[in-house]
Protein chains: 2
Amino acid sequence: MDSIDLKIIAALKKNAKQNTKEIASKVGLSVSPTFQRIKKLENQKIIKGYVAVIDQKKLGTGIIAFCQISISKHSKEVIDIFKNVIQDIDEVLECNHVSGSFDFLLKIAVTDMDHYHNVVVEKLTSVDGVLNIQSNFVIEKSKDEYLS
Amino acid sequence: MDSIDLKIIAALKKNAKQNTKEIASKVGLSVSPTFQRIKKLENQKIIKGYVAVIDQKKLGTGIIAFCQISISKHSKEVIDIFKNVIQDIDEVLECNHVSGSFDFLLKIAVTDMDHYHNVVVEKLTSVDGVLNIQSNFVIEKSKDEYLS
DNA sequence: CTTGAAAAATGTCCCGT
DNA sequence: ACGGGACATTTTTCAAG
């Protein structure tokens, strides 16, 4: 792992559909070693995979909300139940267990406020142990990078 | 845009390195129409691009924090200055202007607490108009999908 | 690491239905 | 729109300097 690997990662983080030749010229190597480095990064799972970036506004799910959720007990059971339920809620894009004044920070994509209401009231508040939900809606996203 | 397109999108959202044949079999079409649909989704910018997913823990930046930031004035100038400064802070992965009890929700990746302290104190609190920063650190991420 | 070659796999496009 | 098939490009492997 050196600066060339970091350049390869930076390039693929922006656009994964570049061919090896393009990446090679960006990092100042020829195709062969570039190819080998990419494969190595993939095998080491430093590059975990490749995904398509979807414009959810064009799919009608343009409203993004962050939900701060507090749970009643910090037992493994309550936490595991919550995490399991979350997996099957399509509207939840991201679920982070966090430290601080609340327990989970969720990122949710919905089409409109009825949809949002449905997700929060029907799907989230009904989960065992969920005490409190506080939401913030995204007005504008001004930076976005994907790391996982 | 029909249910087949949605299936294609779902497949590519999980793994963009599948070849057209694999996607075709998943959606129940042959290669040609599948290929044409993918190209159409790309041209319509419903698929905005393809990116590599990087395991930041293996790069040493394993600590993720969400920062709630309040600013002093909701004028266009203050907001624009803040957004501009953010673009050049590598540690900031995401910047959302949100409604609610604070103004911006940032997602930040750092290597350790010194690094975090440096980003918050040196880079964020010094920005004009920044009043208050409250942070929550991610203990565990249990779901993660990428939409933009 | 570089260059270059070659095979296999895939992407891409045209045409018939 | 779909499907088949031909052709172009890339990926992947490999050898020699």
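Each chain gets a letter, A, B and so on, in the order the sequences are listed, and its residues count up from 1.
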Atom-pair distance ([atom1] on [X]; [atom2] on [N]), nearest Å:
{"X": "Glu22(A)", "N": "dT9(D)", "atom1": "CD", "atom2": "C1'", "result": "12 Å"}
{"X": "Phe35(B)", "N": "dT9(D)", "atom1": "CZ", "atom2": "P", "result": "13 Å"}
{"X": "Lys17(A)", "N": "dT10(C)", "atom1": "NZ", "atom2": "P", "result": "13 Å"}
{"X": "Gln36(B)", "N": "dG3(D)", "atom1": "CD", "atom2": "P", "result": "11 Å"}
{"X": "Ile23(B)", "N": "dC2(D)", "atom1": "CD1", "atom2": "P", "result": "15 Å"}
{"X": "Ile38(A)", "N": "dT10(D)", "atom1": "CD1", "atom2": "C1'", "result": "12 Å"}
{"X": "Ile8(B)", "N": "dA1(D)", "atom1": "CD1", "atom2": "P", "result": "12 Å"}
{"X": "Asn19(A)", "N": "dT11(D)", "atom1": "CG", "atom2": "P", "result": "5 Å"}

#### Entry: N/O (side chain, Arg37(A)) to phosphate O (OP1/OP2, dC1(C)) under 4.0 Å
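Yes.
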### Message
So, does Ser30(A) get its side chain near the phosphate of dC1(C), meaning an N or O under 4.0 Å from OP1 or OP2?
### Response
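Ser30(A) to dC1(C) OP1/OP2: no side-chain N or O under 4.0 Å.
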### Task
Kindly assign one of parallel, tilted or perpendicular to the pair Phe104(A) and His97(A), based on the angle between their ring planes and the thresholds 30° and 60°.
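Geometry flag for His97(A) against Phe104(A): parallel rings.
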#### Entry: Short N-O contact, Asp2(B) and Arg37(B), less than 4.0 angstrom
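So Asp2(B) pairs with Arg37(B) through a salt bridge.
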### Query
Is any side-chain N or O of Ser32(B) under 3.5 Å from a base N or O of dG4(D), one able to act as donor and the other as acceptor?
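Such a pair exists between side chain and base.
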### Task
Just do the side chain to side chain donor-acceptor pair (under 3.5 Å) check on Gln134(A) and Asn132(A) with the steps written out, would you?
CA-CA 7 Å; Gln134(A) 198 181 317; Asn132(A) 192 279; over 6 Å; no
### Query
Nearest of dT12(C), dT11(D), dC2(D) to any side-chain atom of Val31(B)?
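Closest nucleotide among those given: dT12(C).
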### Message
At 4.0 Å (heavy atoms only), tell me whether Lys39(B) reaches a base, stays on the sugar-phosphate, or touches nothing.
### Response
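The residue Lys39(B) makes sugar-phosphate contact but no base contact.
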### Task
Just do the side chain to side chain contact (heavy atoms under 4.5 Å, CB included) check on Leu124(A) and Ile86(A) with the steps written out, would you?
CA-CA 8 Å; Leu124(A) 290 177; Ile86(A) 286 306; 3.7 Å; yes
